[in-house]
Amino acid sequence: MIKTFEVKSQDFQSAGQVSSAIKKLLKQLAVPADIIRRIAVASYEAEINMIIHSLGGTIVLDIEDDNIALTFQDEGPGIKDIDLAMQPGYSTASAKAREFGFGAGMGLCNIKRMADYFHISSKENSPTVLSIGFKVIE
Amino acid sequence: MKLADIADKMPLKFLCLPDDDLLDNDFTYAFASDLMSDALYLVNHDAGKTLLLTGLVNTQSLITAEMLDIKMLIYVRNKEVPQELLNLAKDKEIGIAAFAGTMFKACGLLYDFGLKEAS
């Protein structure tokens, strides 16, 4: 099953709606609760990152029997230094993002910590593609 | 400690209690932060027994609780909680209570009651 969701830049009022819908769907499919929680947290962090930092993009959820994958693809503006962005505590979030409780600089490293598979590709003035995967073990 | 006893001693004012059974629920852990990314770092804790305390009264603290499977959110300093947020909490089956004092006092009381840190 493949589902695609849209995420708009700076749309803080809707932040989390996609991750909430993904969590609801995985519950309906009876995916084990601990796996759902890891997916939900990673998805929410990445959704927030797209809202804060990107020009908007899509989230693609791909559910297979033994694997659940999420791909976050935005329209830019890209990450100048991925190693720095992965560093816990490093953040370029706006004051607006901080008002909403984000911008601690823990997002990307938390996503990596949650996922069984993590890959990010980006460069300045280019789209960012983040792919994460979770093994489904009963 | 049962939520009903915690609420009585702190005291807490319930703003949303989607299920009365929650009052009999034992809460063993607490986590307090205004940074939701810090809260989202919790994953291996016993979510059903964890209270989330924050001064961040908005949908993001509620969704953070939802993602973590946390059932009870405490807003400190008696901040005004919009009705839409309470309606959303009801939909998501997450309880919301208000505490009049500061975050420091709330944490101190819960520590005194024997609750442990969620990490």
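A, B, ... follow the sequence lines: proteins, then strands. Residue 1 opens every chain.
- Between K23(A) and D69(B) there is a salt bridge, since a side-chain N of the basic residue sits under 4.0 Å from a carboxylate O of the acidic one.
- At a 4.5 Å heavy-atom cutoff, the contact between T64(B) and chain A is made by backbone and side-chain atoms alike.
- Taking chain A as the reference chain and counting heavy-atom pairs below 4.5 Å, the highest number among L56(B), L40(B), D34(B) is found for L40(B).
- Note that CG of N49(A) is 8.0 Å distant from OG of S37(B), once rounded to the nearest 0.5 Å.
- Proximity to chain B is absent for every atom of I36(A), based on heavy atoms less than 4.5 angstrom apart.
- Proximity to chain B is limited to the side chain of Y44(A), based on heavy atoms less than 4.5 angstrom apart.
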Stepwise side-chain contact (heavy atoms from CB on, under 4.5 Å) check, L35(B) with M106(A): CA-CA 10 Å; L35(B) 273 175; M106(A) 304 296 274; over 6 Å; no
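- The most heavy-atom pairs under 4.5 Å with chain B, out of G105(A), A40(A), G101(A), come from G101(A).
- Looking at L68(B), the atoms closer than 4.5 Å to chain A (heavy atoms on both sides) sit in the backbone and in the side chain alike.
- Taken to the nearest 0.5 Å, the CD atom of Q13(A) stands 6.0 Å off from the OG1 atom of T59(B).
- In this structure, R113(A) and Y41(B) have side chains that are in contact, with non-hydrogen atoms separated by less than 4.5 Å.
- The local environment of NZ in K79(B) is crowded, with over 12 non-hydrogen atoms from other residues, nucleotides or ligands closer than 6.0 Å.
- Here M67(B) contributes atom CE and S19(A) contributes atom OG; the two are 5.0 Å apart, rounded to the nearest 0.5 Å.
- A distance of 4.5 Å separates CD of Q60(B) from CD1 of I48(A), quoted to the nearest 0.5 Å.
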